[in-house]
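Below: the structure, in structure tokens.
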Protein chains: 2
Amino acid sequence: MAVPSGPVSPSTEAERAMFDFVDAYDRAYEIAASRHGLSPAQACVLGRLSAPRAMSELAEELGCDASNVTQIVARLESRDLARRQVNPQDRRSRQIVRTDHGSSLYAQFEESFAFARAAASHLDAGEQEQLVTLLRKALGSLT
Amino acid sequence: MAVPSGPVSPSTEAERAMFDFVDAYDRAYEIAASRHGLSPAQACVLGRLSAPRAMSELAEELGCDASNVTQIVARLESRDLARRQVNPQDRRSRQIVRTDHGSSLYAQFEESFAFARAAASHLDAGEQEQLVTLLRKALGSLT
DNA sequence: TATTGTTATACTCTATAACTATA
DNA sequence: TATAGTTATAGAGTATAACAATA
């Protein structure tokens with residue numbers, strides 16, 4: 001399913017517009033990932049490896065359990081998209097790095113995930129600024 | 001993990017704002033669902049059952065395979081949140097209906113999913129209108 | 001024959017608990 | 001003893017292929 005998050009009978013027009021946008025974004029992300037043989041979670045992790053990351057950092061950023069990250073990274077590693085290297089400063093810790101193959105595949109995925117780019121392209125510079133302001137204000141302290 | 005969809009190194013401020021918003025929305029949805037013992041997919045299906053739906057309609061709306069819907073609905077049914085009824089007009093088809101228990105639980109979930117409501121509440125009426133206009137325009141033909 | 005839905009299967013995501021290695 | 005990460009396990013989401021029931 002493209003979008004686990006379903007409509008919540010949004011009661012206002014603004015809430016409905018937010019939902020529709022999130023829904024479309026999530027679906028587009030999943031489709032782009034699968035076109036490259038990636039699950040959304042794999043694409044997500046790969047995207048965070050522009051610089052090396054510890055397992056614990058990934059778990060923290062993704063808001064999930066470390067054991068989960070272990071599995072996702074193991075699958076990436078088995079396909080030569082990422083590697084685990086022991087951190088010499090603290091041999092308990094591992095640095096996860098993207099392989100060249102992983103970087104190349106991720107670049108293709110990014111190119112293919114046209115949603116946000118296309119969405120922005122429908123707005124002129126002033127409208128984009130307005131949207132940024134409104135989205136940030138709407139988020140407020142929700143983040 | 002709250003949000004399978006990760007950041008895609010958004011190259012513009014607008015793209016980053018879109019991502020941050022989607023990310024926060026998805027995480028909030030998942031947390032609200034899990035507070036009521038629901039997976040995001042279960043909450044999503046439950047939300048679509050304000051009126052009876054055929055399996056094929058649910059699969060179409062969710063953009064996933066029918067066999068997937070069979071499983072989700074089976075889990076809802078096993079917890080007395082939904083029921084499958086043979087459609088007398090076409091006995092191949094089933095009408096999925098929410099039980100009273102399912103409706104009640106979903107109402108609680110909805111109440112608890114405060115994200116969109118809170119986001120909208122940070123904007124005044126004019127700003128909400130602006131946001132709707134911009135989001136719809138950004139979506140353009142992407143939907 | 002075509003359609004609706006299910007079953008069997010396999011893979012991925014996810015968390016919890018118990019574990020290993022290192023600090 | 002505390003921390004980083006892994007392993008074992010189990011439940012859920014997902015798709016494909018084969019199937020049953022009905023049209």
Side-chain angles (χ1 to χ4, degrees), chain A residues 1-6 26-27 29-31 33-46 52-79 81-97, chain B residues 1-6 26-27 29-31 33-46 52-79 81-97:
Chain A
M1 175 163 38
V3 184
S5 309
D26 285 341
R27 287 181 196 243
Y29 190 93
E30 205 219 343
I31 289 169
S34 85
R35 266 200 296 264
H36 295 90
L38 296 170
S39 69
Q42 287 166 355
C44 179
V45 168
L46 219 42
R53 285 282 200 294
M55 300 295 288
S56 56
E57 291 177 301
L58 290 173
E60 169 69 24
E61 291 174 20
L62 271 45
C64 74
D65 193 82
S67 65
N68 190 9
V69 180
T70 296
Q71 309 248 49
I72 296 169
V73 169
R75 288 182 196 111
L76 291 175
E77 200 169 33
S78 75
R79 292 174 55 193
L81 297 170
R83 268 199 319 275
R84 273 176 285 207
Q85 302 174 333
V86 171
N87 178 348
Q89 266 72 55
D90 181 344
R91 297 177 41 76
R92 292 173 301 179
S93 172
R94 274 107 231 271
Q95 293 293 315
I96 316 303
V97 299
Chain B
M1 175 162 41
V3 184
S5 309
D26 285 341
R27 288 180 196 244
Y29 190 93
E30 206 221 340
I31 289 169
S34 85
R35 265 200 296 263
H36 296 89
L38 296 170
S39 68
Q42 287 167 355
C44 179
V45 168
L46 219 41
R53 285 280 200 293
M55 300 295 287
S56 56
E57 290 178 301
L58 289 172
E60 168 70 25
E61 291 174 18
L62 271 45
C64 74
D65 193 82
S67 64
N68 191 8
V69 180
T70 295
Q71 309 247 50
I72 296 169
V73 169
R75 289 184 194 109
L76 291 175
E77 200 170 32
S78 76
R79 292 173 55 195
L81 297 170
R83 268 199 319 275
R84 275 176 283 207
Q85 302 174 333
V86 172
N87 178 348
Q89 266 71 57
D90 180 345
R91 297 177 41 76
R92 292 173 302 181
S93 173
R94 274 108 231 272
Q95 294 291 316
I96 317 303
V97 299

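Throughout, protein chains are lettered first and strands after them, A, B, ... in sequence-line order, and every chain is numbered starting at 1. Note that the structure is predicted; figures quoted are calculated from it, not measured.
Between A:Arg84 and A:Thr70, the closest side-chain pair of non-hydrogen atoms falls below 4.5 Å. Looking at heavy atoms from C-beta onward, B:Leu38 lies in side-chain contact with B:Arg79 at the 4.5 angstrom threshold. Contact of the A:Leu76 side chain with the A:Ile96 side chain is not registered, since no non-hydrogen atoms from C-beta on lie closer than 4.5 Å. Between B:Gln95 and B:Arg53 the shortest side-chain heavy-atom distance does not fall below 4.5 Å. Counting only heavy atoms from C-beta outward, the side chains of A:Gln85 and A:Arg94 never approach each other to under 4.5 Å. Looking only at side-chain heavy atoms (C-beta outward), A:Val69 and A:Cys64 come within less than 4.5 Å of each other.
The side chain of A:Asn68 places no N or O atom within less than 4.0 Å of a non-bridging phosphate oxygen (OP1 or OP2) of C:dC13. The phosphate of C:dC11 has neither OP1 nor OP2 within less than 4.0 Å of any side-chain N or O from A:Arg75. For C:dG5, one of the phosphate oxygens OP1 or OP2 lies less than 4.0 angstrom from a side-chain nitrogen or oxygen of B:Ser56. For D:dT6, one of the phosphate oxygens OP1 or OP2 lies less than 4.0 angstrom from a side-chain nitrogen or oxygen of A:Thr70. At the phosphate of C:dT7, neither OP1 nor OP2 sits under 4.0 Å from any side-chain N or O atom of B:Ser67.
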Original post:
What string of B, S and - do you get for nucleotides 18-23 of chain D 5' to 3' if you count protein non-hydrogen atoms under 4.0 Å?
Top reply: ---BBS

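Applying the 3.5 Å distance criterion, the base of D:dT14 shares a donor-acceptor pair with the side chain of B:Gln71. For a distance-only test at 3.5 Å, the side chain of A:Ser39 fails to qualify as a donor-acceptor partner of the base of D:dT14.
D:dA12 atom P lies 12 Å from atom CG of B:Leu81, rounded to whole Å. Atom P of nucleotide C:dC11 and atom CZ of A:Arg79 are separated by 14 Å, given to the nearest angstrom. Note: CD1 (A:Ile31) to C1' (D:dT14) measures 14 Å, nearest angstrom. Distance B:Glu30 CD to D:dG13 P: 11 Å, rounded to the nearest Å. Rounding to whole angstrom units, CG of residue A:Leu62 and P of C:dT12 are separated by 17 Å. Spacing between atom CE of A:Met55 and atom C1' of C:dT22 amounts to 16 Å, rounded to whole angstrom units. Atom CG of B:Leu46 and atom C1' of D:dG13 are 16 Å apart (whole Å). Between the CG atom of A:Asp65 and the P atom of D:dA4 there is a distance of 13 Å, rounded to whole Å.
Candidate nucleotides C:dG5, D:dA4, D:dG13 were compared by shortest atom distance to the side chain of A:Ser93, and D:dA4 ranks first.
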Subject >> Residues A:Glu77, A:Arg83; criterion salt bridge (charged side-chain N to carboxylate O under 4.0 Å, His left out); working and verdict >> reply: CA-CA 5 Å; A:Glu77 200 169 33; A:Arg83 268 199 319 275; over 6 Å; no

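Note on A:Ala74: nothing from the nucleic acid sits closer than 4.0 angstrom, heavy atoms only.
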